[in-house]
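Data block below; observations after.
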Protein chains: 2
Amino acid sequence: MSVVKCPDSMEITRTAAWLRATFVVILPLMTNDSRYVRVARGIEPADLLLKNARILDVFSGVFFAGNVAICNGVITGFGASAAEETIDLDGAWLIPGLIDAHMHIESTQLSPVEFARAVLPHGTTTVIADPHEIANVLGLRGIHYMLEASKNLPLEVYVMAPSCVPATHLETSGATITSEDIEQILTWERVLGLGEVMNYPGVINLVPEMVAKLRAARGRPIDGHAPGLSGPDLWAYIISGPRTDHECTTLAEAQEKLRAGMHILIREGTATRNLEALLPLLTTTSAPFVHFCTDDCHSETLMQDGHIDGIINKAIRLGAAPELAISSASIHTARAYGLSDVGAIAPGYLANLLVLSDLESMRVDKVFAHGKLVAVGGETVVGLTPYDDEHVRGSINVSAEPLSFAITARAGEVRVIDLSPDQVVTDEMHIDPLIEDGQLMSDIERDILKLAVAERHEATGNVGLGLVHGFALRKGALASSVAHDSHNIIVVGTNDSDMAVAVKAIVEMDGGQVVVRDGRILARLPLPIAGLMSDLALPEVAEMGRELKQAAARLGCTLPAPFMTLSFLALPVIPSLKLTDRGLVDVNKFEIVPLFL
Amino acid sequence: MSVVKCPDSMEITRTAAWLRATFVVILPLMTNDSRYVRVARGIEPADLLLKNARILDVFSGVFFAGNVAICNGVITGFGASAAEETIDLDGAWLIPGLIDAHMHIESTQLSPVEFARAVLPHGTTTVIADPHEIANVLGLRGIHYMLEASKNLPLEVYVMAPSCVPATHLETSGATITSEDIEQILTWERVLGLGEVMNYPGVINLVPEMVAKLRAARGRPIDGHAPGLSGPDLWAYIISGPRTDHECTTLAEAQEKLRAGMHILIREGTATRNLEALLPLLTTTSAPFVHFCTDDCHSETLMQDGHIDGIINKAIRLGAAPELAISSASIHTARAYGLSDVGAIAPGYLANLLVLSDLESMRVDKVFAHGKLVAVGGETVVGLTPYDDEHVRGSINVSAEPLSFAITARAGEVRVIDLSPDQVVTDEMHIDPLIEDGQLMSDIERDILKLAVAERHEATGNVGLGLVHGFALRKGALASSVAHDSHNIIVVGTNDSDMAVAVKAIVEMDGGQVVVRDGRILARLPLPIAGLMSDLALPEVAEMGRELKQAAARLGCTLPAPFMTLSFLALPVIPSLKLTDRGLVDVNKFEIVPLFL
């Protein structure tokens with residue numbers, strides 16, 4: 001039969017994620033079929049030939065010596081008649097690009113492009129991101145920004161539609177995402193399914209809007225988020241749609257959820273590190289259902305521990321077989337989310353490849369994305385076009401009136417948020433507050449400090465006021481526009497004027513984090529993108545983060561991560577006492593409660 | 001939050017296969033969500049509770065003691081507050097229903113309903129069927145019949161669109177399936193993707209119509225069929241779409257294809273049994289990519305060896321761990337084809353469950369399909385509504401003129417099809433034929449018999465004439481309307497009149513198989529459905545099959561399966577010399593050749 005050139009007519013955009021993801025045995029949506037075939041057969045030269053590699057066969061879990069040919073970003077086979085370029089890997093390990101199964105780019109405080117620049121050298125070539133934070137600030141516009149900003153990156157960024165925006169009705173968020181919005185978001189390119197369904201009470205109690213969101217995502221992957229959910233309620237949750245969970249903290253919890261059919265995403269982030277507890281779950285049998293994710297990973301963590309490569313390295317140190325851990329973070333994660341052209345080194349797969357100079361320590365020497373060398377020796381070596389969108393800037397919208405943090409004294413005890421070191425849960429304590437001139441004051445000696453949350457989306461002028469124990473500030477104030485989940489401005493301080501200066505600085509920076517003393521700014525990290533993300537590169541952001549920490553420490557703060565602790569004090573879904581712009585929230589009662597008992 | 005009953009509005013038909021199959025983490029398309037949730041939580045009683053089972057957890061590969069609750073055909077969890085019915089399994093093994101990853105129902109000579117009745121007691125609850133045979137006879141109408149006839153069965157029948165109809169241009173088939181037809185078929189319910197792409201030369205040579213069919217199926221599973229394909233041509237084939245193969249006969253071939261990213265379907269059918277050779281491929285690491293199929297399984301084989309249960313039983317006898325073999329035939333096959341509500345015993349999965357009285361021997365005691373008891377102790381215990389369609393009957397359409405099998409003698413040697421015992425490939429031999437009165441005759445002493453293929457779709461009157469060595473008939477004739485792939489009437493005989501009587505009998509039966517001697521019918525199997533399938537149950541069909549074999553043996557035939565051998569003599573894609581209604585085909589040259597050299 002004669003060789004017939006096929007028209008390149010069937011341009012299917014690679015970005016129709018739902019289509020790409022339709023099947024496990026799907027082939028990549030190629031725009032130039034005939035050339036792939038001719039290169040595979042050796043009729044035409046390949047673009048690139050990687051020679052003398054020790055290639056990981058994720059289908060059998062073994063390494064084999066061989067070559068990899070690449071055409072137009074896709075692997076055409078294990079050899080080529082000729083190639084435009086040949087690289088001799090000299091026996092180095094070659095493994096598929098790694099996948100983060102669940103993460104929030106916003107938590108790194110990096111823009112998508114800078115996030116890509118930061119993680120590509122670590123061998124992450126695909127992430128499944130839930131733009132939950134920016135969605136709370138900017139709604140659909142924020143999600144759209146994350147997609148646009150990650151559009152032409154060598155990093156494949158897939159998105160899950162945020163399912164719980166706002167987190168509660170007890171706070172003022174910048175946006176609400178309805179089930180109709182979910183339906184719309186799911187039609188966007190690179191959106192895979194529904195993001196972590198945190199409102200599990202709403203699911204199992206069949207709250208109509210929650211059920212409507214699950215139905216909108218029917219036939220798509222639905223990520224779960226059900227810490228501690230067990231037995232009948234867990235079964236009811238699973239039968240409603242969610243088939244993954246990244247909140248397991250004990251092996252027993254993970255085993256129950258796996259047995260009930262959930263894919264377990266082992267989370268190893270900045271604050272929550274579950275790998276050591278959950279690693280025994282990962283066996284060759286369970287590998288198709290067990291994956292790795294970072295969820296919330298801060299810039300310092302990326303600098304110190306790397307990304308998925310660091311997690312695999314730790315897993316290996318804890319005794320996991322490298323082949324198993326790598327397969328779990330590549331082919332099996334890809335298959336779980338229906339991404340069928342990534343995760344393996346085989347014909348028809350995207351040429352997302354890592355060259356390791358050492359397997360055990362997962363030292364990533366070179367990274368190829370779509371067949372192009374994008375990182376060498378820990379550095380990204382390709383230009384990444386920055387993407388800017390004025391709509392995600394200037395997101396700080398507070399009322400013109402100067403904010404007051406004054407609390408008029410009344411008789412009796414007050415509720416105080418009592419921090420638990422290294423935890424996001426808080427206790428509630430009751431004390432007789434310090435009163436001066438009829439005003440309730442921060443009480444430095446007893447480490448009872450004023451805490452305020454200023455609404456910053458609609459300039460309502462809402463200011464929630466409360467007290468917190470555990471920051472140990474002797475002077476000044478700390479403020480942040482990162483305050484889960486609504487990301488209003490949260491400020492803690494020893495005196496009202498420093499608190500006011502700190503909030504003013506946040507407003508002037510268009511969002512960020514700041515340490516103030518005696519009216520002067522000691523350290524600052526501008527986060528102009530939605531008040532959540534910097535437009536600087538990882539090293540600068542991490543450095544500023546360190547300076548913020550040091551400045552807070554100089555003010556007496558003894559917390560290991562004061563701004564992370566601060567950012568969770570406004571999250572009214574984590575027990576037991578929190579503060580939003582509407583006031584103090586008793587999370588267990590799920591209602592606003594007065595400061596004075 | 002209040003309990004709110006959800007409207008049953010979102011009736012998504014369970015049959016939108018492409019949607020059901022969209023994702024691995026898809027949830028079953030339920031029409032009564034709220035009840036599932038309430039039953040799971042114990043607010044409402046379950047329909048059925050299976051107690052005291054040893055349940056296979058396919059996610060961890062272990063058995064655990066527990067209960068299974070079922071509501072509306074779906075598993076709601078591992079317990080229930082109450083149940084309409086409770087069955088105590090008394091510690092018996094409970095495993096998910098088994099899946100045949102690739103098969104042709106027509107090969108069993110059973111109608112879909114009788115096929116279901118035959119395999120349900122063996123624990124097969126899902127099959128992925130390629131209606132390739134009936135498509136060659138009746139085209140889209142035949143495929144539509146297979147879907148309609150299997151619509152309301154407790155057996156889940158999924159269909160792959162036949163990709164190669166007709167097999168070649170060297171024969172007259174009943175229909176042609178174009179790429180436009182494929183596009184249409186793929187919109188039908190329960191059609192998963194493109195069936196085995198046998199024309200691999202067409203694929204790697206980029207023949208436009210073949211490429212168009214692959215493109216039509218883009219984003220769907222595409223089954224491969226590439227015996228012996230290796231190296232660059234294999235890579236080119238895979239990159240074009242096919243990501244499964246069921247034609248591997250050696251471990252080395254299977255290992256190469258698995259490494260290249262193909263799912264390997266280990267075939268154990270009537271004629272081709274590859275389990276023993278390929279079983280070493282199945283490990284806990286490769287299990288997600290290795291499955292079982294029967295491809296072509298005749299009624300006698302179903303009677304003697306069972307179905308997928310028999311294959312697993314044999315695998316266990318050959319040393320496979322039961323948990324591994326069962327998982328490969330359930331969850332992993334389901335995931336490979338994107339069937340995400342079958343293959344496991346967990347909340348949200350269809351209640352397709354097997355109770356085994358013995359694990360090692362895979363003795364299937366009870367079978368539940370969609371939560372209903374459908375088979376007990378080897379017998380189907382539910383009524384299955386037969387489906388009839390006049391359009392698939394009366395498919396035999398031969399010309400009114402009596403067919404002549406006379407061959408006028410000429411000088412010189414003739415080509416003879418030389419059978420290879422137990423193989424579908426043939427050799428070509430050259431002999432001086434027996435001539436009487438200027439006519440070429442069957443030569444019983446040398447076992448050189450007349451072979452004819454009579455076109456039976458369009459009454460063209462085409463009769464292909466040839467000679468075959470190896471049937472060893474001393475008297476009479478054998479004829480069959482099952483003759484791959486075009487299924488014209490093929491007849492072999494010692495004399496023209498018995499051959500004519502045999503063909504006449506086939507026509508009168510509306511299709512079937514027959515043994516004739518001295519003008520009398522010794523044995524017959526009517527196959528009125530497209531000339532391929534009986535409307536009788538398995539025991540009768542198998543018995544008639546035995547009678548045909550015995551009758552052929554009484555005529556001197558020494559072949560173990562004369563009618564199977566006969567049915568492959570018309571298939572011009574298998575070397576080396578075959579006969580179609582157009583004449584002798586030199587398969588290696590891929591052209592019609594004359595009888596006389």
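Naming: A, B, ... by sequence-line order, numbering from 1 per chain.
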Would you please name every residue forming a side chain to side chain contact (heavy atoms under 4.5 Å, CB included) with A/A69, sequence neighbours left out? A/A46, A/L49, A/T76, A/A80

Residue part contacting chain B, namely of A/V39, when any heavy atom lies under 4.5 Å: neither

Examine whether an atom of B/L324 lies under 4.5 Å from a heavy atom of chain A, and if so say whether it belongs to the side chain, the backbone or both; otherwise answer neither. neither

Would B/H291 and B/H332 count as having a side-chain donor-acceptor pair, cut-off 3.5 Å? no

Pairs meeting criterion salt bridge (charged side-chain N to carboxylate O under 4.0 Å, His left out) with involvement of residues 65-75 of chain A, two or more places apart: none

For the residue pair B/Y237 and B/D245, confirm or rule out a side-chain donor-acceptor distance under 3.5 Å. no

Between A/L281, A/T283, A/L258, A/L234, the one whose heavy-atom pairs under 4.5 Å with chain B are most numerous: A/L258

Output the option from B/I55, B/D233, B/I331 having the highest count of non-hydrogen pairs under 4.5 Å with chain A. B/D233

Quick check on B/F78 against chain A: is it the side chain, the backbone, both or neither that has a heavy atom closer than 4.5 Å? both

Side chain from CB out, backbone as N, CA, C, O: work out which of these in B/F59 comes under 4.5 Å of a heavy atom of chain A, or both, or neither. both

State whether the side chain of A/Y349 and the backbone N or O of B/G261 hold a donor-acceptor pair below 3.5 Å, judged by distance alone. no

Quick check on B/V290 against chain A: is it the side chain, the backbone, both or neither that has a heavy atom closer than 4.5 Å? neither

With chain A, the option among B/G61, B/S81, B/S60, B/G42 that has the most non-hydrogen atom pairs under 4.5 Å is B/S60

For a quick check under 3.5 Å, do B/Y200 and B/N205 share a side-chain donor-acceptor pair by atom type? no

Chain A contact via B/A260 - side chain, backbone, both or neither, heavy atoms under 4.5 Å: both

Do A/L192 and A/L339 have side-chain heavy atoms sitting under 4.5 Å apart? yes

